[in-house]
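Here's the structure, in structure tokens; my notes come after.
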Amino acid sequence: MLKNSFHHHIIGRSPLINSHRLFASKIRTIEKDLVVIGGGSGGLACAKEAAELGKQVAVLDLVTPSPQGTRWEIGGTCVNVGCIPKKLMHQAAILGHSIQHSASYGWKIPEEKPTHDWSTLSHAVQLYIKSLNWGHRVQLNEKDIQYVNGRGTFVDRNTIKSVNKKGKEVLVKSENFVIAVGGRPSYPDVPGAKECCLTSDDIFWMKKSPGKTLVIGGSYVGLECAGFITGLNLHCDVMIRSIPLRGFDQQIAEMLVANMQMNGTSFIRGSSPTRFHKRDDDKIEVWWEDDTTKYSGVYDTVLLATGRRADTDLLGLENAGLEADPKDGKVEVDEKDCTNASNIYAIGDVAKGRPELTPVASKSGRLLAQRLYGGDVTVMDYANIPTTVFTPIEYACVGLNEEDAIDRYGTEHIEIYHSHYQPLEFNLPQINSDQCYIKVVCERNNDQNVVGMHFVGPHAGEVIQGFACAIKNKLTYKQLTSTIGIHPTCAEEMVRVNITKRSGKDPAVTGC
């Protein structure tokens with residue numbers, strides 16, 4: 001299975017391995033061509049691709065329970081506590097609004113506001129997640145990939161020790177290792193935070209309704225959760241210390257906040273929590289302050305969305321000659337995803353400077369396996385990666401936001417085309433469309449190369465996905481506007497945009 005030279009090195013000459021001979025003789029030892037640490041999107045994609053290329057692969061994966069005791073199975077953040085349950089709950093909230101709007105389309109509905117049963121939704125979501133967990137296990141088995149349900153810790157550069165929930169240990173030796181452990185929510189250094197608060201690790205696995213909820217943090221995780229909580233007829237406040245959606249276009253970020261406020265979410269701006277306390281009735285007392293005043297409030301649930309940290313603290317990186325950034329736990333890699341140890345790689349959220357997105361991890365994992373075992377030399381292109389924020393009114397984008405375009409090119413060298421539009425479906429129920437908005441960021445040159453596209457409105461991710469391909473292929477403003485739109489759709493407004501911010505004209509779309 002392993003090359004003779006490699007086998008001779010790790011068994012016969014490594015002083016660290018020799019020192020563990022007696023220890024290893026009592027522990028089952030596995031030898032593989034590739035060991036992937038982490039069973040999320042990136043790790044699984046890499047493992048499957050390597051197996052397709054004829055290599056013997058093992059995947060190590062064991063989730064450390066959250067401080068509230070929540071745990072899950074293989075599949076990583078996206079499947080268990082991220083993209084999948086988030087979008088299903090987002091859809092649940094959209095359906096609630098649709099029931100109310102359906103009266104304008106002739107549907108006879110009860111006069112009272114529809115009620116929602118959290119436990120029914122939660123149970124259905126959890127069953128679906130478990131089906132995905134099982135599907136991953138089946139795929140690994142079909143590809144003859146060994147699944148080791150244990151927490152991995154490096155012994156040296158060619159050996160890792162896995163410990164399962166029962167304390168059983170296994171040594172796994174390999175030529176190459178891929179670190180794909182992803183990240184976990186971080187907790188602020190505030191008294192009572194870990195004892196009283198939930199994170200995105202917990203919210204999707206709650207069996208009973210979160211009730212009156214305080215979301216702390218203005219990240220996309222915070223706003224998305226607040227959006228569906230409000231949409232499920234629950235009271236929700238959002239506390240933001242500085243700006244919402246840092247790293248996204250700030251004009252649009254404020255539009256999303258305004259839309260959420262219009263839909264019933266309250267925002268506490270410029271404030272930070274100072275203490276949490278769980279009362280005897282299980283409600284959470286929260287104290288916070290802004291620049292001048294101290295406040296307090298009582299909630300059924302407090303959800304922290306204050307950032308994430310790479311899950312590397314227990315990996316024993318130092319035993320393999322590696323070190324993680326103490327601030328965020330991430331590992332430095334080069335363009336080929338290699339760490340400073342030539343046989344150890346890192347992909348996905350754990351890698352320094354990489355976008356924390358599921359498709360990015362999956363693609364980089366497949367490319368890494370192809371470079372290692374398929375003779376390919378292609379490296380991941382991290383430019384112009386599209387993404388969507390699933391707030392009540394969705395926001396999708398690709399390329400540069402307005403602030404970054406100004407920083408890169410200067411105000412005089414960019415042209416911003418923009419428009420407000422009204423989705424046809426909004427007209428009969430008279431839904432407010434003030435935040436339905438398009439922004440196209442172009443270089444101000446002869447070709448007017450499109451360097452950023454932003455869409456706020458229904459099914460935003462579905463709209464931007466195709467335009468992302470166009471931007472990858474050097475889309476120009478002339479090519480964009482020479483494209484015929486599909487009528488009547490929201491997406492057609494992208495190819496009709498013609499008013500510049502520089503002109504000062506009203507960007508509202510009128511007529512068909």
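Using a distance-only test at 3.5 Å, with no hydrogens or angles considered, no donor-acceptor pair links the side chain of Ser419 to the main chain of Pro507. Although no hydrogens or angles enter the test, the distance criterion places no donor-acceptor pair under 3.5 Å between the side chain of Lys212 and the main chain of Cys236. Remark: the backbone N or O of Gly452 is not paired with any side-chain donor or acceptor of Lys439 at under 3.5 angstrom. At distances below 3.5 Å, at least one donor-acceptor pair connects side-chain atoms of Asp249 with backbone N or O atoms of Glu402. Proximity of a side-chain donor or acceptor of Ser122 to a complementary backbone N or O of Trp118 within less than 3.5 Å is not detected. Counting only distance, with no hydrogens or angles, the side chain of Thr481 and the backbone of Tyr477 share a donor-acceptor pair below 3.5 Å. Judged purely by atom type and a 3.5 angstrom limit, Arg371 has no side-chain atom pairing as donor or acceptor with the backbone of Val377. Although no hydrogens or angles enter the test, the distance criterion places no donor-acceptor pair under 3.5 Å between the side chain of Thr265 and the main chain of Gln261. The backbone N or O of Thr70 lies less than 3.5 Å from a partner atom in the side chain of Ser66, making a donor-acceptor pair. Although no hydrogens or angles enter the test, the distance criterion places no donor-acceptor pair under 3.5 Å between the side chain of Ser271 and the main chain of Ile268.
No hydrogens or angles considered: nothing links the side chains of Arg366 and Ser362 as a donor-acceptor pair under 3.5 Å. For the residue pair Asp447 / Asn445, no side-chain donor-acceptor distance below 3.5 Å is found, with atom types taken as modelled. Remark: the Thr293 side chain and the Glu289 side chain contain no N/O donor-acceptor pair separated by less than 3.5 Å. A donor-acceptor contact under 3.5 angstrom links the side chains of Gln370 and Glu49, judged on distance only. With no hydrogens or angles considered, no side-chain donor-acceptor pair links Lys113 and Gln100 at under 3.5 Å. Using a 3.5 Å distance cut-off with no hydrogens or angles, the side chains of Asn80 and Asn133 do pair a donor with an acceptor. Side chains of Glu285 and Tyr299: no donor on one and acceptor on the other come within 3.5 Å. For Lys501 and Gln251, the side-chain atoms include at least one donor-acceptor pair closer than 3.5 Å.
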Does Tyr295 form a side chain to side chain contact (heavy atoms under 4.5 Å, CB included) with Trp287? I'd like the steps, not just the answer.
CA-CA 6 Å; Tyr295 308 87; Trp287 289 264; over 6 Å; no
Test side chain to side chain contact (heavy atoms under 4.5 Å, CB included) on Thr476 and Gln448; report intermediate values, then the result.
CA-CA 6 Å; Thr476 67; Gln448 287 197 301; 5.7 Å; no
For salt bridge (charged side-chain N to carboxylate O under 4.0 Å, His left out), just list the numbers for Lys130 and Glu73, CA-CA rounded to whole Å, side-chain angles, deciding distance to a tenth of an Å, and then say yes or no.
CA-CA 8 Å; Lys130 288 174 182 177; Glu73 299 300 324; over 6 Å; no
Where do Glu224 and Lys86 land on the salt bridge (charged side-chain N to carboxylate O under 4.0 Å, His left out) test, with the steps shown first?
CA-CA 8 Å; Glu224 288 175 338; Lys86 175 268 302 288; 2.8 Å; yes
Residues Thr213, Val302; criterion side chain to side chain contact (heavy atoms under 4.5 Å, CB included); working and verdict:
CA-CA 6 Å; Thr213 301; Val302 178; over 6 Å; no
Test salt bridge (charged side-chain N to carboxylate O under 4.0 Å, His left out) applied to Glu394 and Lys87, step by step:
CA-CA 11 Å; Glu394 297 172 9; Lys87 189 170 184 188; 6.0 Å; no
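The environment of NE2 in His459 is sparse: at most 12 heavy-atom neighbours from other residues, nucleotides or ligands sit within 6.0 Å. Enclosure of atom NZ in Lys363 is not indicated, since only 12 or fewer non-hydrogen atoms of other residues, nucleotides or ligands lie within 6.0 angstrom. A 6.0 Å sphere centred on CD1 of Ile484 holds no more than 12 heavy atoms belonging to other residues, nucleotides or ligands. Within a 6.0 Å sphere centred on CZ of Arg408, other residues, nucleotides and ligands contribute 12 heavy atoms or fewer. Under a cut-off of 6.0 angstrom, the local environment of CG in Asn446 is sparse, with at most 12 non-hydrogen atoms contributed by other residues, nucleotides or ligands.
Put simply, CG on Asn263 and CD1 on Ile393 are 8.5 Å apart, with the number rounded to the nearest 0.5 Å. Taking CD1 of Ile416 as the reference point, atom CZ of Arg444 lies at 11.0 Å (rounded to 0.5 Å). The distance from atom OG of Ser296 to atom CZ of Arg275, rounded to the nearest 0.5 Å, is 9.5 Å.
A distance below 6.0 Å separates the ring centres of Phe390 and His90. Side-chain rings of Phe455 and Tyr395 stay apart, their centers remaining 6.0 Å or farther from each other. Under the 6.0 Å cut-off for aromatic ring centres, Tyr421 and Phe426 do not qualify, their centroids lying 6.0 Å or more apart.
In this pair, Phe228 and Phe204 present their aromatic rings tilted. The plane angle is within the 30 to 60° band.
For the pair Ile284 and Thr301, the minimum side-chain heavy-atom distance is 4.5 Å or more. Within the 4.5 Å cutoff, no side-chain heavy atoms of Val379 are placed close to those of Leu367. Between Asn401 and Phe248 there is no side-chain heavy-atom pair separated by less than 4.5 Å.
Between Arg354 and Asp349, none of the side-chain N atoms (NZ, or NE/NH1/NH2) sits under 4.0 Å from a carboxylate O, so this pair counts as no salt bridge.
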